[in-house]
Each structure stands twice: as structure tokens, then as C-alpha cells.
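Counting begins at 1 with the first residue of the sequence.
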Amino acid sequence: MAVNYRGERFQGYNKPKRTSGHKTKSHAVLAKEGDKVKLIRFGQQGADNKPPRKNESAADKAKRRAFKARHAKNIAKGKMSAAYWADKVKW
């Protein structure tokens with residue numbers, strides 16, 4: 001179920017995609033909660049994010065923990081916040 005929104009194509013609601021052509025943001029998602037729909041761009045283009053992986057260094061774990069702690073209040077807001085999607089996709 002593809003969705004076109006403001007000239008951009010998404011695979012569906014709440015399905016993030018890479019936006020390599022965007023100047024500053026690395027991802028976008030068409031978030032939907034109830035009947036409310038919102039285009040959310042998130043993630044710094046070229047950022048050194050640290051998704052969990054096997055045998056990762058202590059520094060990488062600390063970097064991920066710091067991000068989650070720093071943005072905990074905004075992550076808790078749910079699907080309609082950029083921090084939620086950055087946490088889910090990039091960290």
C-alpha cells in the first residue's frame with residue numbers, strides 16, 4: 001500500500017525510509033496515529049550512529065546509552081516525535 005504525500009512516495013504509514021537526497025535529514029517517515037498524519041524527518045545526514053551489533057565496543061554502547069538518556073522524554077512521546085523514530089531506526 002504505497003502512499004504519496006506532498007510529492008514523496010512512502011511504502012505505507014509508519015514505515016521509515018532513507019532520504020539520501022535530503023540536505024540535512026537522513027530519514028523520513030509518514031507517521032500516523034489515529035486519524036492524525038504527519039511527515040517527520042529525522043536523523044543527521046552522515047551521523048555516526050551506533051545500532052546494536054555483536055561484539056561492539058564499550059564506547060559504542062556508551063554512545064547509544066547517552067543518546068537514549070538525553071532524548072528519553074521526547075522518545076516517550078511516541079510515534080509522532082522525531083526522537084522516537086531516530087531511536088527505533090538509528091540507535
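- Within 6.0 Å of NZ in K17 there are more than 12 heavy atoms belonging to other residues, nucleotides or ligands.
- Judged by distance alone, with hydrogens and angles left aside, the side-chain atoms of T19 form no donor-acceptor pair with the main-chain N or O of H22 at under 3.5 Å.
- Here the CD1-CH2 distance, from I75 to W85, works out to 13.0 Å after rounding to the nearest 0.5 Å.
- A distance of 7.5 Å separates NZ in K88 from CG in N14, rounded to the nearest 0.5 Å.
- The heavy-atom pair separating G12 from V3 by the smallest distance is CA-CG2, 4.1 Å.
- By the salt bridge (charged side-chain N to carboxylate O under 4.0 Å, His left out) test, K63 is found to be paired with D48, residues two or more places apart in sequence or in another chain being considered.
- How far NZ of K25 is from CD of Q45: 9.5 Å, rounded to the nearest 0.5 Å.
- For F67, the ring pair (Phe, Tyr, Trp, His ring centres under 6.0 Å) partners at least two apart in sequence or on another chain are H71, W91.
- With S26 as the partner, the side chain to side chain donor-acceptor pair (under 3.5 Å) test is satisfied by one option alone out of R18, K90, Q44: K90.
- In this structure, F10 CZ and N4 CG are separated by 9.5 Å, a value rounded to the nearest 0.5 Å.
- Within 6.0 Å of NZ in K68 there are more than 12 heavy atoms belonging to other residues, nucleotides or ligands.
- Of all heavy-atom pairs spanning E56 and P51, the tightest one is OE1-O, 4.0 Å.
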Show which side-chain atoms of residues 29-41 pair as donor or acceptor with protein atoms under 3.5 Å away, not counting sequence neighbours.
from: K38; atom 1: NZ; to: M80; atom 2: O; distance (Å): 3.4
from: R41; atom 1: NH2; to: E8; atom 2: OE1; distance (Å): 2.4

